[in-house]
Asks: 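To start, I am sharing the structure in question, which I have written as structure tokens.
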Amino acid sequence: MLDLRQIREDPDRVRASQRARGESVDVVDQLLAADESRRSSLSEFERLRAEQKSLGKLIPQASGDEKQALLAKTRELSAAVKAAEAAAAEVQQRLDELSLVPSNIVLDGVPAGGEDDYVVLREVGGKPALNTVRDHLELGEGLRAIDTERGAKVSGARFYFLTGVGAQLELGILNLALSTAVEAGFTPVITPTLVRPEVMRGTGFLGAHADEVYRLEADDLYLVGTSEVPLAGYHADEIVDLSDGPLRYAGWSACYRREAGSYGKDTRGIIRVHQFQKVEMFSYCRQEDAVDEHARLLGWEEQMLAAIEVPYRVIDVAAGDLGSSAARKFDCEAWLPSQSRWLELTSTSNCTTFQARRLGVRERADGGTRPVATLNGTLGTTRWIVAILENHQLPDGSVRVPEALRAYLGGREVLEPVTR
RNA sequence: GGAGGCGUCGCCUAGUCCGGUCUAUGGCGCCCGCCUGCUAAGCGGGUUGAGGGCUCAAACCCUCUCGCGGGUUCAAAUCCCGCCGCCUCCGCCA
């Protein structure tokens, strides 16, 4: 949700942002019109209501004819107040609906265009020179680490079992991520993975990508696709204190995604799955600190990527490929030797005040309150196994373990195929 | 699943039976001022949030806000209905 006052004062800024995303520009004028009629109908209601209240106060003291006259008068007013209130509520509802339409205003510097118009900010690390390339599933099956066949048998396509060193590898990645976060001052949090509709809506996930989200019809709850959702809801409707710096949380949770509309895409292995685990950074900070905080989140992501020793690049995602809540987004993509392409491992978004406004997260500021900024970023997921296996594979199908993860794999330096 | 209780402006709390200066009481905490070698105590004042009007801005004024949503009424914290949350007991499952 955007600030109505800002739309009123600088509608061109919002129009330009909508245009850069390839989304509706007309909604700005619809919003302005709805706001105008809301304010006039509200004034009318308030005027009538004030009159009703002041007359109502005279009634207990009045008596006889005077009282009867007052009662007759207030009866009339009562009906008028009700009508005015209903009219105001109707206009308010239209405004509320419209308010949810515009996406966040993109920040200056964000590349215009769609999915392919990202800008590469840097490339870090050299791609491995491999004579024979096995993909992560072949490697994972050899190590008895990944079992997609039984995943499909038990749960269907895009489900999997992680076994043995596969299970350990996932926990290693997540634990390393959590330790990194705690060292950086984050509060570790294990979150609910089922949330109420308001929370899901507040984080902006029920917009264009609503069909990506699992919904439990019988209980009217949603399964989260990331712990960003419960962490954003954590301080909903609260006035938070940011005087000691940002509130930083590292959420550990399972994540569920329907992957509707991605049929035939990444069908092999565990690149694109319905359920995985993730450690996610989430930060509440002052509006003016958001850009710096975003850079810090990106820094911690890169620290993790350095620790698992895979080549990666950082891209500045184009306006048309941002989620509705994000004003800017940086993705880190690891090299995927089996496909000679880049694969997204992390994503960090600056949502400025967009989510906080919907969720009612504010801070005290001279004389009143104002919305805070929220940011999020990935610190480790199940998918990282893919990049680790492929980039650290050895000619015989075994896999070198990056030093930072060895402690989580019983000190092993190399994972070897299981022959049996 | 069954029965009962509770939800008031940061926290605690009065008010709800019996509708009307409730413009929500008092305490704690916090903020400002006074007083005082300093601190504490004491004294005085302020302290929910949202929206709107006026304004360069503020002061100020108005409306809404007693878990949420409806209803009754000239008038609802108070009466009625529905929902949500929390607590206790019973049952059930670990």
Side-chain angles (χ1 to χ4, degrees), chain A residues 1-10 31-100 191-202 206 215-222 229-230 232-244 247 284 286-287 353-372:
Chain A
M1 197 189 324
L2 302 176
D3 183 4
L4 261 175
R5 225 160 298 177
Q6 187 186 2
I7 299 177
R8 227 180 284 152
E9 280 162 19
D10 193 0
L31 262 170
L32 289 172
D35 179 43
E36 188 62 43
S37 68
R38 165 184 144 264
R39 278 184 293 157
S40 66
S41 65
L42 197 60
S43 294
E44 176 65 6
F45 159 69
E46 286 179 355
R47 187 183 64 76
L48 288 166
R49 177 73 176 147
E51 192 181 349
Q52 181 193 33
K53 282 178 73 171
S54 62
L55 284 184
K57 272 179 197 155
L58 301 176
I59 290 177
Q61 295 142 40
S63 59
D65 288 350
E66 198 188 347
K67 186 158 190 168
Q68 289 314 310
L70 271 173
L71 282 177
K73 173 83 180 152
T74 46
R75 233 186 301 270
E76 269 172 50
L77 258 178
S78 176
V81 166
K82 245 171 210 153
E85 187 174 21
E90 195 185 317
V91 179
Q92 178 73 52
Q93 199 198 332
R94 193 153 54 87
L95 180 66
D96 288 344
E97 280 162 17
L98 276 172
S99 313
L100 295 179
T191 72
T193 51
L194 287 169
V195 300
R196 303 165 171 282
E198 315 80 276
V199 175
M200 192 55 90
R201 196 171 306 114
L206 291 186
R215 171 155 187 250
L216 299 193
E217 182 81 35
D219 300 283
D220 200 17
L221 289 169
Y222 291 89
V229 175
Y234 190 65
H235 285 303
D237 297 318
E238 291 181 20
I239 296 170
V240 296
D241 182 3
L242 299 178
S243 58
D244 293 329
L247 296 175
Y284 295 86
R286 292 192 167 138
Q287 323 183 347
T353 56
F354 188 85
Q355 280 180 338
R357 210 180 292 281
R358 288 187 180 200
L359 290 165
V361 188
R362 296 149 293 157
E363 64 166 330
R364 299 207 179 274
D366 44 16
T369 66
R370 61 171 191 164
V372 304

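Bear in mind that the values here come from a model prediction, so they are computed numbers and not experimental data. Heavy atoms only: backbone and side chains are in, while hydrogens, waters and symmetry mates are out.
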Asks: Write down the distance between CG (A:Leu4) and P (B:G52), rounded to a whole number of angstrom.
Replies: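 Checked: the CG to P distance equals 8 Å.
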Asks: Tell me: CZ of A:Arg362 to C1' of B:G49, nearest whole Å?
Replies: 7 Å
Asks: Can a side chain N or O of A:Gln52 be found less than 4.0 Å away from OP1 or OP2 on B:C74?
Replies: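 For B:C74, OP1/OP2 do not have a side-chain N/O of A:Gln52 under 4.0 Å.
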Asks: List for me each residue that meets salt bridge (Lys or Arg N to Asp or Glu O under 4.0 Å) alongside A:Glu363, sequence neighbours excluded, and say none if there are none.
Replies: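 So A:Glu363 forms a salt bridge (Lys or Arg N to Asp or Glu O under 4.0 Å) with A:Arg286, A:Arg370.
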Asks: How many Å lie between NE2 on A:His235 and P on B:G49, as a whole number?
Replies: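 The distance from NE2 of A:His235 to P of B:G49 comes to 18 Å, rounded to the nearest Å.
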Asks: Can a donor-acceptor pair be found, under 3.5 Å and without considering hydrogens, that links the side chain of A:Arg49 to the backbone of A:Val81?
Replies: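 Not confirmed, A:Arg49 side chain does not pair with A:Val81 backbone.
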Asks: Quick check: does any side chain N or O of A:Tyr284 sit under 3.5 Å from a backbone N or O of A:Ala232, one acting as donor and the other as acceptor?
Replies: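 Yes, A:Tyr284 side chain to A:Ala232 backbone: donor-acceptor pair under 3.5 Å.
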Asks: Quiz question: going by heavy-atom distance under 3.5 Å, is there a donor-acceptor pair between the base of B:G51 and the side chain of A:Glu46?
Replies: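 Indeed there is one.
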Asks: Does A:Ser78 make a side-chain N or O approach to OP1 or OP2 of B:A75 shorter than 4.0 Å?
Replies: yes
Asks: Looking only at atom P, what distance separates B:C79 and B:U21, rounded to whole Å?
Replies: 16 Å
Asks: Expressed in angstrom and rounded to an integer, what is the separation of A:Leu48 atom CG from B:C62 atom P?
Replies: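 Checked: the CG to P distance equals 16 Å.
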Asks: Examine B:U63: is either OP1 or OP2 under 4.0 Å from a nitrogen or oxygen in the side chain of A:Arg47? Give yes or no.
Replies: no
Asks: Is there a side-chain polar atom (N or O) of A:Arg364 under 4.0 Å from OP1 or OP2 of B:G49?
Replies: yes
